[in-house]
Amino acid sequence: MATKYRYEEFTWPEIREAVAQNRVAVLPVGTIEQHGPHLPLVADVITATEMSRLAVAGMPEEAVLLPSVYYAFNEHHLDFPGTIAVQGDTFINYVSDIGKSLAHHGFKKILLVNGHGSNVPFLDIAARNITNHSNAICAMVPWWNLIPKELFTELRESEYPGGMAHGCELETSVLLHLCGNLVQMEHASRDIPVQRSEYFYWDLQSPSPVFFQEFFSRYSKTGTSGDPTKATAEKGRRFVEAVVVRMMQLIRELRAREIAPRVDHH
Ligand SMILES: [Zn+2]
């Protein structure tokens, strides 16, 4: 029988066994929000979940896949229908509680895999909360951070910065590969903020030096930020495969990582 890796399918003795095997607990976190007229609201859940699933399925003795977090912080998208916004402190506490529960059961290594740009500061704090208030260590990675630089250089056709931000060349390519039936390319169009500078821009390939996010409807007419017309399923396949390979490396490294004892120097 194939080794189980979906957390919710385990019995409690099996969870105890998974802890004894020092498996890494992998929690995908997305959001439910508008992604332009061509992508489904669930885009960020699908990307984070599917890449995590592919990674964990490739190493089922070493990790478990948690059920995904669907709702998150995104009130800057509320001017577009569909977005479900959760307050920042609620979101931080919710994810922290999931991690602390895992630590309570004995999991020592927890990885949050993020699919939504604006989750980054909140999940960073949640990961620190879990690490600071349990015996486990918790790390967080946005999946696009795992794309090798050379692959951006090879595949990217949209302008930098700006072409890859939201419902963009990157996200649309990945969704075309993972669930092409949910993508309506006939409604995809280029929509990049007019006000851009070396200080103010948004791009998944590398973040701007200044942290700033205003209401999306102030700078996007379509709900897109980037150029989804440059997206293809083949690019999506290349991006996903590269992310999954590196996510597996990351999970292995986290699993092997020594948790050194704290030292009280008072
Ligand atoms: Zn997204």
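Count residues from 1 along the sequence. Numbering of ligands and ligand atoms starts at 1, following listing order.
Seen from the Zn ion (ligand 1), atom OE2 of Glu171 and atom OD1 of Asp44 lie 90° apart in angle, a value rounded to 10°.
Counting backbone and side-chain atoms alike, Glu33 contributes no N/O/S atom closer than 2.8 Å to the Zn ion (ligand 1). His166 lies apart from the Zn ion (ligand 1) in this respect, since none of its N, O or S atoms is found at a distance under 2.8 Å.
The Zn ion (ligand 1) is closest to atom NE2 of His35 (considering only N, O or S atoms).
Partner Glu33 forms a side-chain contact (heavy atoms from CB on, under 4.5 Å) with one of Ile84, Leu41, Asn74, Leu78 and no other, that one being Asn74.
Judged by distance alone, with hydrogens and angles left aside, the side-chain atoms of Arg255 form a donor-acceptor pair with the main-chain N or O of Asn22 at under 3.5 Å.
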*Please walk me through it: do Ser217 and Asp79 pass side-chain hydrogen bond (donor to acceptor under 3.5 Å, both in side chains)?*
CA-CA 6 Å; Ser217 61; Asp79 291 336; 2.5 Å; yes
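Between the side chains of Thr222 and Asp191, at least one donor N or O sits under 3.5 Å from an acceptor N or O.
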